[in-house]
Engineer: 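Let me begin by handing over the structure; questions about it come next.
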Amino acid sequence: MESVKLFWLFGLLIIGSAGECMGVMGGHGPRRCSFPAIFNFGDSNSDTGGRSAAISEVFLPNGETFFGKASGRFCDGRLILDFISETLGLPYLNAYLDSMGTNFWHGANFATGGSSIRPGGYSPFHLEIQLAQFKRFKSQTTALYQQLNHNYTTPPFKSQVPRPRDFSKALYTIDIGQNDLAYGFQHTNEEKVLASIPDILNVLSGVVHQLYEEGGRTFWIHNTGPIGCLPYSVIYYQQKPRNLDRYGCVKPHNKVAQEFNKQLKDMVIKLRAQLPHAAFTYVDVYSVKYSLVSQAKDLGFVDLMNFCCGSYYGYHVECGQKAVVNGTVYGIPCEHPSRHISWDGTHYSEAANVWVAKAILNGSFSDPPIPVSEACHQ
């Protein structure tokens, strides 16, 4: 049964490659929503420059494949969020925390690398901080928009901030939770991480309720990926006997991620009942990413553990840095990122993100099964 499902998914992606911008990623049918903006909340999986602006710069070769320069993304190119923007015909989102040359006419990105839903993780910009930033952003830009005149010849311009009416018409995307699990695995154990999931999702639910009160009506919510398939997880947590599945992923970590996703989906179902005037789409990113891992060889990717940038073997070097230890150079990036699923041991390459985006943005792995371009429909 599993092989049939994987074959079907592979066939879907092959068919989709011919119509990436139309049929595969949303189409232009009569049900297409006219989203004027995107407001994103998340972690490094969707960070487009927040951490780089506020904490530490994300250096080349991050960004080299598509942007040709450092872009603030933990990837050699585009993220799934970027493909959402492309699909909706909107510019790539600027990070809220980045003050240099930014334009928020079509939304803002509050995601920051290392962020978690609850406070106390890898980043100070946990989800409730991102919510507070959004509230201030909305309040300030609304006041500014009302003060500005279209005839202004010096900044700020009306075309740099969202129109007040766009907040209720925008798409609200949420991709966060992986770091809550990862931090728990690092500092506690699987049992305690499992026990923490209800509280984690209670915080997330509360944030969604507040976004609704601020006018949010369309929510596109990603579940968390197979964290046990990240090279980082395998390197540091494979010690126990029979800890790995047949694809080399850490089974206990993936089981926790699956439980997180089960409870997340239940939370979305409850939100639909509690907030009947909003549209919620739950997106099963986990299944798509795990399918990618399971088909890696057939799709032309190298071994999952062979990531492209940085090093966890022998000496830990972050992507974008190099170190020489006893004559050995660590941190030299690979020559062909497109052959790698993992970019830096923790994040996916652009090639992998393209594959995942083609599968999820047409609605094939969504509940309800609608493309992102039609997510405003209940």
Engineer: For side-chain hydrogen bond (donor to acceptor under 3.5 Å, both in side chains), just list the numbers for T328 and N326, CA-CA rounded to whole Å, side-chain angles, deciding distance to a tenth of an Å, and then say yes or no.
Structural biologist: CA-CA 6 Å; T328 301; N326 297 326; over 6 Å; no

Engineer: Give the C-alpha distance, both sets of side-chain angles, the deciding distance and a yes or no for salt bridge (Lys or Arg N to Asp or Glu O under 4.0 Å) between E190 and K255.
Structural biologist: CA-CA 9 Å; E190 286 92 356; K255 286 183 179 179; over 6 Å; no

Engineer: Between D175 and S46, do the side chains contain an N or O donor and an N or O acceptor separated by less than 3.5 Å?
Structural biologist: no

Engineer: Under 3.5 Å, side chain of D166 to main-chain N/O of P36, donor-acceptor pair present?
Structural biologist: no

Engineer: Against Y172, only a single residue in W220, Y212, F167 fulfils side chain to side chain contact (heavy atoms under 4.5 Å, CB included); can you say which?
Structural biologist: F167

Engineer: Does F41 reach the side chain of L211, with side-chain heavy atoms less than 4.5 Å apart?
Structural biologist: yes

Engineer: When you measure from the SG of C309 to the SG of C334, is the result less than 2.5 Å?
Structural biologist: no

Engineer: State, yes or no, whether a side-chain contact exists between T173 and I38 at a heavy-atom distance under 4.5 Å.
Structural biologist: yes

Engineer: List the steps and the verdict of ring-ring contact (aromatic ring centres under 6.0 Å, His included) for F301 and H340.
Structural biologist: CA-CA 5 Å; F301 289 104; H340 298 255; 8.7 Å; no

Engineer: Could you walk me through whether K262 and D266 pass the salt bridge (Lys or Arg N to Asp or Glu O under 4.0 Å) check?
Structural biologist: CA-CA 6 Å; K262 177 182 177 296; D266 291 340; 3.8 Å; yes

Engineer: Does R272 count as lying over the ring of F280, i.e. NZ or CZ under 6.0 Å from the six-ring centre, within 45 degrees of the axis?
Structural biologist: no

Engineer: Are a donor atom and an acceptor atom from the side chains of S342 and H347 found within less than 3.5 Å of each other?
Structural biologist: no

Engineer: Please tell me whether Q263 and E259 have a donor and an acceptor in their side chains that are separated by less than 3.5 angstrom.
Structural biologist: yes

Engineer: With heavy-atom distances below 4.5 Å as the criterion, would you say the side chains of F35 and T218 are in contact?
Structural biologist: yes

Engineer: Please tell me whether L230 and F260 are part of a single hydrophobic cluster in this structure, the criterion being side-chain heavy atoms less than 4.5 Å apart.
Structural biologist: yes

Engineer: Between D76 and F67, does a side chain to side chain contact (heavy atoms under 4.5 Å, CB included) hold up when you go through it step by step?
Structural biologist: CA-CA 8 Å; D76 61 306; F67 299 98; over 6 Å; no

Engineer: Taking only Lys NZ, Arg NE, NH1 and NH2, and the carboxylate oxygens of Asp or Glu, determine whether R73 and D82 approach each other closer than 4.0 Å.
Structural biologist: yes

Engineer: Show the nearest heavy-atom pair for residues L304 and C249, with the distance to one decimal.
Structural biologist: CD2-SG, 4.3 Å

Engineer: Would K322 and Y330 count as a cation-pi pair here, with the cationic atom under 6.0 angstrom from the ring centre and within 45° of the axis?
Structural biologist: no

Engineer: Can you spot which of E214, Q210, Q130 makes a side chain to side chain donor-acceptor pair (under 3.5 Å) with K135?
Structural biologist: Q210

Engineer: Tell me, do L81 and F83 make a side-chain contact under 4.5 Å, heavy atoms counted?
Structural biologist: no

Engineer: Using the rule that two of Ile, Leu, Val, Met, Phe, Trp, Tyr join whenever any of their side-chain heavy atoms come within less than 4.5 Å, decide whether L194 and I117 are in one cluster.
Structural biologist: yes

